[in-house]
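Comments concern the structure below.
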Amino acid sequence: DGHYDLDAIADAVDEETAIVWLCNPNNPTGTYHSHETIEAFIQKIPSNVTIILDEAYAEYVTAKDFPRTLELMEKYPNVAMLRTFSKAYALAALRIGYLITTKELAAQLNVLRPPFNTTRLSEQAALAALEDQDHLKKAVEINQQERQKFYELDTNLTIYPSQTNFVFVETSEVEALNEAILKE
Ligand SMILES: *Cc1c(COP(=O)(O)O)cnc(C)c1O
C-alpha cells in the first residue's frame, strides 16, 4: 500500500545494524507514517542504533498526525532528522540542507563533512528562503490544491495518497503513459 513494513524492518535489525533510514513522507510513494506509528517503531529499535528520519518533503505535509519529530528526538536521542532546501524551498541546485541530531553524532559527521560542505552562497540563500515564509506557505497551498486534483480524476488508476509534491500511480500501461507525458 505504499508504506514500509515497519515491523519487518524492526525484525531485521540485529547487532550489526548501525543505522535505520526512513524517508517520511516516502519517496517515491508519497505516503507517510504518523507520529504514533513512528514512535511505536522507535521503541522497538535498540537505542544504540541511529534512526534517521529523512523528511525532505515535510514542508508539503498537511496531515495533522505527521510526526512531531523534534519532540521524539527529545525523548529518543538516537533519532536524527534530515531536512533539505531542495524541495519546497526550491533551492535544489544550491545543495543545502540540514541534520538535527546530538552533539556527539554531529561531531562524528563533521569529520566527514569538509568535502561535502555547504557554501556561503547557499547558506545565504537558505537564510533568505527561511525568512520568506509567505512564499513557502503559498507554494505549499498551491501544491495541496494541485495534488488534490489527481484524487478527483475519473480513472481506475491506483493513486497512492500523497503528502508530497508528487503522486505515485500504479498502472500496467507504462509505455502509453510515458508517451503521453512526453507529448505534454
Ligand atoms: C530530495 C531528497 C533528499 C535531499 O536532497 P538534496 O538535494 O541532496 O538535499 C533527501 N531525501 C529524499 C527522500 C529526497 O527526495
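One-based numbering, in listed order, for ligands and for the atoms of each. Model, not experiment: these values are computed from the prediction.
By the neighbour-count criterion of 12 heavy atoms within 6.0 Å, atom CD of E173 is sparsely surrounded, having that number or fewer from other residues, nucleotides or ligands.
At distances below 3.5 Å, not a single donor-acceptor pair connects side-chain atoms of H35 with backbone N or O atoms of D65. With hydrogens and angles disregarded, no donor-acceptor distance shorter than 3.5 Å links the side chain of T171 to the backbone of V174. Formation of a donor-acceptor pair under 3.5 Å by the N24 side chain with backbone atoms of H33 is found in this model.
Pairs of residues two or more places apart, or lying in two chains, that qualify as salt bridge (charged side-chain N to carboxylate O under 4.0 Å, His left out) and include a residue from residues 36-47 are D7-K44, E39-K75.
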**Q.** From CA spacing to verdict: side chain to side chain contact (heavy atoms under 4.5 Å, CB included), L157, F150
**A.** CA-CA 10 Å; L157 294 172; F150 283 89; over 6 Å; no
Report all N/O contacts between ligand 1 and the protein shorter than 3.5 Å as a table of atom names and distances to 0.1 Å; if there are none, say 'none'.
residue, atom, partner, partner atom, Å
ligand 1, 7 (O), S86, OG, 2.5
ligand 1, 7 (O), R95, NH1, 2.8
ligand 1, 8 (O), R95, NH2, 2.9
ligand 1, 9 (O), T84, OG1, 2.6
ligand 1, 9 (O), S86, OG, 3.3
ligand 1, 11 (N), D54, OD1, 3.1
ligand 1, 11 (N), D54, OD2, 2.7
ligand 1, 15 (O), N27, ND2, 3.0
ligand 1, 15 (O), Y57, OH, 2.8
ligand 1, 15 (O), K87, NZ, 2.7

